[in-house]
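This is the structure I want to talk about, given as structure tokens.
Below, chain A is the first sequence line, B the second, and so on; all start at residue 1. Below, each value reflects all heavy atoms present in this structure, side chains not excepted, and no hydrogens, waters or symmetry copies.
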Protein chains: 2
Amino acid sequence: MLTTAFSPHDHSHCITTAINHAQDLCADRSVRLTPVRQRVLELVWHSHQPIGAYELLASLAKEGFNSAPPTVYRALEFLSEQGLLHKLESINAYVGCCNPDTPHQGHFLLCQACNQAQELDSQYITLALKHSAEQHGFEIQSHTIEIVGTCQGCLDKSKAVEYKI
Amino acid sequence: MLTTAFSPHDHSHCITTAINHAQDLCADRSVRLTPVRQRVLELVWHSHQPIGAYELLASLAKEGFNSAPPTVYRALEFLSEQGLLHKLESINAYVGCCNPDTPHQGHFLLCQACNQAQELDSQYITLALKHSAEQHGFEIQSHTIEIVGTCQGCLDKSKAVEYKI
DNA sequence: CATGTTATGTTATGTTATAACAATCGTCAA
DNA sequence: TTGACGATTGTTATAACATAACATAACATG
């Protein structure tokens, strides 16, 4: 079994790492990780679940940031362009990306029980997509791969309940 | 090369077939393909591109149907439950399903040039998803697989233009 | 320090989708 | 054949998600 977002872990460490990483990466690329942008990234990482734009906006408002929609959408756009987060199209929510150095679009496992998301970057899936596209003479530019279901931890919990009955 | 939505074809034939099929299928299942529901399905099929709920609503309004959003969303929900259409999450639009008999969620190729969609049901992709999910002890319930790019026909056209320069 | 560029503020609106409750239609048994 | 029930549709309102357009401010750099 691999380590995933679904497994228990020290999430504050994830956040710190992600933010430091983002700072370095933005410095390298000479783009500005401004206060709003950094704060949005922190909030996205701080949430254990994919988070929506308006929820982010509410948090920003509480903290004294400007709270009109364009503020958060601009930050999300910037972070997305820099590969620092991904949008989950099927639920209109955003998650931090663990591997922003190499541009990519991930494949996601979404648990409907705990509402957490795990990013994958499966070569099997990538190859299968390529293969299917080639069969149709189709040239791939981007993709949305979101798998909804139940994660290991939630399956274990529901089994535990079952046995106690 | 396979035959696809992208290839030229007699689309009115597609529509007729799809509607007849839907009528039979609803009769078999003892569910009601009411006038609005059938009209929405026809409109979805009539469009050569995935179509949005509010565009459907505008067409219904012109034809004297009730034109409040719940009308079209209810019809879409019904048709979706019966497997007669699919929603494309990444563009909030709907397409008819060619194979509504066996419940499934398709894999889609979306051409950004001609805005057409082609449904696939690739065993490669299905197996790759299963494999990745298993690696994480994840139980799949549903998925969203949408591949954006350029279809064969549009690639050919752009190449033709290139050569003429 | 002026000037262009990038980022943010602000107002308004567009787009997609659902909640909640009332009215109507279809069906089928008494 | 009617009345009772569930399914469907009508209606009003609003929630949830996202962008247009233009004004202002911050910044970097020649």
Got a sec? Which of residues 19-33 of chain A come in under 4.0 Å of DNA chain C, heavy atoms?
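Residues of residues 19-33 of chain A under 4.0 Å from DNA chain C: A:R32.
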
Whether the B:H21 and B:D101 side chains hold a donor-acceptor pair (N or O, under 3.5 Å, no angle test) is what I'd like checked.
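B:H21 vs B:D101: donor-acceptor pair found between side chains.
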
Any side-chain donor-acceptor pair under 3.5 Å between B:E139 and A:T150?
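Distance-only check fails for B:E139 and A:T150.
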
Which heavy atom of B:I125 sits nearest a heavy atom of A:S132, and at what distance?
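Taking B:I125 first and A:S132 second, the nearest heavy atoms are CD1-OG, 3.5 Å.
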
Among the clusters formed by ILVMFWY side chains lying less than 4.5 Å apart, do A:W45 and A:V95 turn up in the same one?
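No, A:W45 does not connect to A:V95 through the hydrophobic network.
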
Under 3.5 Å, is there a donor on one side chain and an acceptor on the other for B:H13 and B:H11?
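Judged by distance alone, the side chains do not pair up.
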
Tell me the closest heavy-atom pair linking A:I91 and A:E146, and the distance in Å.
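Closest approach of A:I91 to A:E146: N-OE1, 4.5 Å.
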
Side-chain touch B:Y94/B:L76, heavy atoms, less than 4.5 angstrom:
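Heavy-atom side-chain distance check passes, below 4.5 Å.
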
Kindly indicate, with the supporting measurements, whether the criterion side-chain hydrogen bond (donor to acceptor under 3.5 Å, both in side chains) is fulfilled by B:Q118 and A:H136.
CA-CA 10 Å; B:Q118 170 62 42; A:H136 292 80; 5.2 Å; no

Can you name the residues that form a ring-ring contact (aromatic ring centres under 6.0 Å, His included) with B:F78, not counting sequence neighbours?
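Here no residue qualifies.
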
Which pair of heavy atoms, one from A:F6 and one from A:A117, lies closest together, and at what distance?
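Looking at all heavy atoms of both residues, the closest pair is CE2-N, 4.1 Å.
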
Sort and list the pairs that fulfil salt bridge (Lys or Arg N to Asp or Glu O under 4.0 Å) and have at least one residue in residues 29-46 of chain B, not counting sequence neighbours.
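Sorted result for residues 29-46 of chain B: B:R39-B:E42, B:R39-B:E63.
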
What are the residues of residues 59-86 of chain A, sorted by number, that bring a heavy atom to within less than 4.0 Å of DNA chain D?
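A:P69, A:P70, A:Y73, A:R74, in order of number.
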
Between B:H104 (side chain only) and B:D121 (backbone N and O only), is there a donor and an acceptor less than 3.5 Å apart?
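Judged by distance alone, no pair lies under 3.5 Å.
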
By a strict heavy-atom criterion of less than 4.0 Å, which residues belonging to residues 35-57 of chain B are in contact with DNA chain D?
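Those residues are B:V36, B:R37.
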
When you list every nucleotide of DNA chain D with an atom under 4.0 Å from a heavy atom of chain A, which one comes first 5' to 3', and which comes last?
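So the contact region on DNA chain D extends D:dC17 to D:dA28.
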
